[in-house]
Each structure stands twice: as C-alpha cells, then as structure tokens.
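Order of listing sets the numbers, starting from 1, for every ligand and every atom in it. Remember, it's a predicted structure, so these values are computed and weren't measured experimentally.
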Amino acid sequence: MKHLLGIRELSAEQITHLLDTAESFRDISKREIKKVPALRGRTVINLFFEASTRTRTSFEIAAKRLSADAINISVSTSSVSKGETLLDTARNLQAMSPDCIVIRHASAGAPYHLTRVCDAAIVNAGDGSHEHPTQALLDALTIREHKNGIEGLKVAIIGDILHSRVARSNVYLLSKLGATVSVAGPGTLVPREFADLIEQGVRVEQRIEDAVADADVVMVLRIQRERQTDAFFPSMREYAVHYGLHANHLNLAAPDAIVMHPGPMNRGIEVSSEIADGGRSLILDQVTNGVAVRMAVLYLLAGSEHAELPAAHPVEDDLESRAAGGVRGRTRHQTRGTRN
Ligand code: CP
C-alpha cells in the first residue's frame, strides 16, 4: 500500500493490519514522554483546503509523536489564494521531498490527482463527499475496543448520508469486516447508490426507529449545511424532531449500545446534549483513537524502512563522523548503517 485514498480499495486483511498497528501505538499517547523515533528524518505535510479541528491536529500530533517533521499548510496563507492550481501546489511541495502529504479537499478525487504528480505517499484526510478513510479506521478502532470485534455487530448510521464521506468510508469498512449496517435519514439525504450495497449487508431504513432497533452501535452524522445547495428538508427544527437522536431512540437499541459521532456536532440538531454527554457516548474516545490510527497510517506509508533502522540520530552521526575527520559523500542512510 503506497497511498491511503479510501477504504473501498482496501481488503479486510489490510484494514485489520492498520487497526492492529494503531492498537500497538495507542499506549504511546499515555506515556509521560509521548514520542518514539520511528519516523525520525521523515517529513509529513498537512495540506488542508477545508476547515478541520480533529483531523489536522491529530495528523500533526501523530507525526510529532513518531518524531517526523510536521509542516502545516494553511490554504488561506498559501499561494493557492493567489490562483495557483492544486497540481502546481502539489508539484512545488514534491520538489521539497516530503515523505507524506496529507490532503483534505472539497473535491472528491483530489488526493488521487496528487498521486499522479507526487512521489510522496498521499493520505486522504477527507475529499468532498467521497471518503474519509482515517475517520472510518478510528471509528472501527473505537468499536473494536468497546465491543471486542466488529463481525456480527449491528451498526446504525443516522443522518445526512448523501453528503457524508464518513458514512461511505464506514459502510465500506464495516461491511468488509462483517457488520450489518443500517442507514437512515430523510429520503433526500440517502443516496441511491446505498441500495446497491444491500448485498454487502447494508439496509436502508426510512425511520430512525427501524435503523436503531437492536443496534450495537449508533453512529450519528452531522448535517452538512456547507455542502447542501438545495433544501433537503423543511427546517432544522423538523430535522431535529424526526432525525435527531434522542433518549427514546436509544431505548430501542441493544442495552449496551454505544453512541458515536465523528464531529463537529450540531448539538440539539442531530443529537441531543443528553446523549452526546451521556454514559454511552464515545465521541471523545473516537478523537483519542484518531491519533493512534493516524500514527499507524503514517508509520505504514512513510516509515516501514525506518522501523528496521536503529535509533541513532542522523544529525549526530554526521557531526560525529565530521569531528572524527569522517567520511565525505555518504548518504544519510549509509552513515546510519556505518555507525551501527
Ligand atoms: N471528523 C472530522 O473530520 O473532524 P474535523 O473536520 O474537525 O477534522
């Protein structure tokens, strides 16, 4: 796997490997010194063309906890604001030899286009309404942590399915790992393509009550007002009444059902505060697991070769070899090999 563009292209084995690797990284964030040298000398660029709190921050934290150099590019202060195209921006970033570029963009397929002009590993951090693979992976890690597995679970996904890259990535991932997925939302917000996924265990429900009945996991999605060009439902108030998740819905779910939301959430619209802040909510656990998942993704795409290498600092090696009248013209890699 050179890039992570979506869940759809991954096998169940690849997804499980990513989740297992993330699990092995989870403890690093609980240590006093939250850093390992796995990506020392590597460069990760965060290129975000859309707003983000969780994804951008957790990719930066993940890169830093793996000792990579993390560079954040804010599009409002980059040359994109002067009219530079996405591909020209990517070519110029590639000219500085990053190992990984993490991109969020409003257009579906933007990460794929970067793979055509960049040698760096490309990670999709959300492209339009298409996919958000690391969100689905962190959701799966959270479910696995609390349910000891995914196969055989019943998962309800409620809300604005049409505009949701999170829903698409989750439906692919959960069905590949053997869960049954029910989606529910206003008819105008459930795309026809989901009916094609019925053979893979996806059910499309008209009523939220039917989707959450006996569910082990209830995943609520945000109403994406910024992507809605038409009136998909009469008013926010009506949406909150008919498709907002309330305590009475949870009474229909399994007694130990958990509630998830990818964030950012519209409190009182798609989910009541009582549920969002209640004992079944794993919303902040999802954010915590986001760091471990993004560490795993960066490590597997940008650092497997480094994982084999000893924990010597390349700059120290160079300085030491120069102080000793050392060898000129060695590559960084050769210098490390010589020391150890
Ligand atoms: N879930 C998610 O992608 O959140 P951000 O938009 O804050 O990154």
Side-chain angles (χ1 to χ4, degrees), residues 4-8 18-19 22 29 44-65 70-76 100-108 110-111 122-143 145 155 157-174 183 185 217-228 245 258-267 269-271 275-277 281-298:
L4 178 62
L5 303 181
I7 298 293
R8 189 176 186 172
L18 276 159
L19 295 176
S29 296
V44 176
I45 294 180
N46 279 326
L47 180 60
F48 275 57
F49 290 82
E50 278 190 334
S52 170
T53 298
R54 284 146 286 268
T55 313
R56 199 203 59 76
T57 309
S58 60
F59 266 113
E60 182 177 354
I61 290 175
K64 289 181 170 168
R65 289 193 180 159
I71 315 297
N72 294 309
I73 299 184
S74 158
V75 167
S76 59
C100 186
I101 299 176
V102 179
I103 176 173
R104 170 171 288 190
H105 199 281
S107 298
I122 305 299
V123 178
N124 180 1
D127 60 333
S129 302
H130 175 225
E131 280 227 39
H132 192 350
T134 56
Q135 179 68 45
L137 287 164
L138 72 89
D139 291 341
L141 188 66
T142 309
I143 295 172
E145 188 182 359
V155 182
I157 304 181
I158 313 294
D160 180 357
I161 314 288
L162 179 67
H163 299 99
S164 179
R165 52 199 179 204
V166 175
R168 278 182 186 74
S169 290
N170 261 304
V171 165
Y172 294 136
L173 187 152
L174 293 165
V183 299
V217 180
V218 180
M219 207 177 270
V220 191
L221 301 176
R222 181 173 70 92
I223 283 293
Q224 303 204 21
R225 280 180 269 197
E226 75 277 17
R227 294 194 209 283
Q228 293 180 8
L245 188 72
I258 55 176
V259 177
M260 304 172 75
H261 191 306
M265 67 181 150
N266 300 298
R267 280 178 184 269
I269 308 269
E270 68 257 7
V271 63
I275 291 182
D277 303 327
S281 168
L282 298 181
I283 294 171
L284 295 179
D285 297 51
Q286 291 171 261
V287 178
T288 302
N289 281 330
V291 175
V293 157
R294 283 152 187 151
M295 286 173 82
V297 169
L298 295 178

Handout entry: Distance under 6.0 Å and angle within 45° of ring axis: R104 vs F48
Key = no

Practice task
Please identify which atoms of ligand 1 are closer than 4.0 Å to at least one heavy atom of Q135.
Solution key: 1 (N), 2 (C)

Exercise for the section: Assess E50 for proximity to ligand 1: is some non-hydrogen atom of it under 4.0 Å away? Expected result: no

Handout entry: G128 backbone acceptor or donor facing R165 side chain under 3.5 Å
Key = yes

Practice task
Using modelled atom types only, decide if a donor and an acceptor are shared between the side chain of S58 and the backbone of T55 within a distance under 3.5 Å.
Solution key: yes

Practice task
Could you give me the CA-CA distance, side-chain angles and deciding distance for T142 and D285, then say whether side chain to side chain donor-acceptor pair (under 3.5 Å) is met?
Solution key: CA-CA 7 Å; T142 309; D285 297 51; over 6 Å; no

Completion exercise
Of all protein heavy atoms, the one nearest atom 1 (N) of ligand 1 is P262 O, 2.8 Å

Handout entry: Closest protein heavy atom (residue, atom, distance) for atom 6 (O) of ligand 1
Key = R104 NH1, 2.9 Å

Completion exercise
In this structure, atom 4 (O) of ligand 1 is nearest to the protein heavy atom R54 NE, 3.0 Å

Completion exercise
of all protein heavy atoms, closest to atom 7 (O) of ligand 1 is T53 N, 2.8 Å

Problem - Subset of ligand 1 atoms that lie under 4.0 Å from at least one heavy atom of T55 - result: 2 (C), 3 (O), 4 (O), 5 (P), 8 (O)

Practice task
Return yes when G126 approaches ligand 1 closer than 4.0 angstrom through a heavy atom, no otherwise.
Solution key: no

Exercise for the section: Evaluate the criterion salt bridge (Lys or Arg N to Asp or Glu O under 4.0 Å) for residue pair D127 and R168; output intermediate values, then yes/no. Expected result: CA-CA 11 Å; D127 60 333; R168 278 182 186 74; over 6 Å; no

Practice task
Using distance alone, decide if ligand 1 has a nitrogen or oxygen within less than 3.5 Å of any nitrogen or oxygen in G263.
Solution key: yes

Exercise for the section: Please confirm whether R56 comes within less than 3.5 Å of ligand 1 when only nitrogen or oxygen atoms on both sides are compared. Expected result: no

Practice task
Flag yes if more than 12 heavy atoms outside R8 fall under 6.0 Å of its CZ atom; otherwise flag no.
Solution key: no

Completion exercise
Across all chains, not counting sequence neighbours, the side-chain hydrogen bond (donor to acceptor under 3.5 Å, both in side chains) partners of R65 are S29

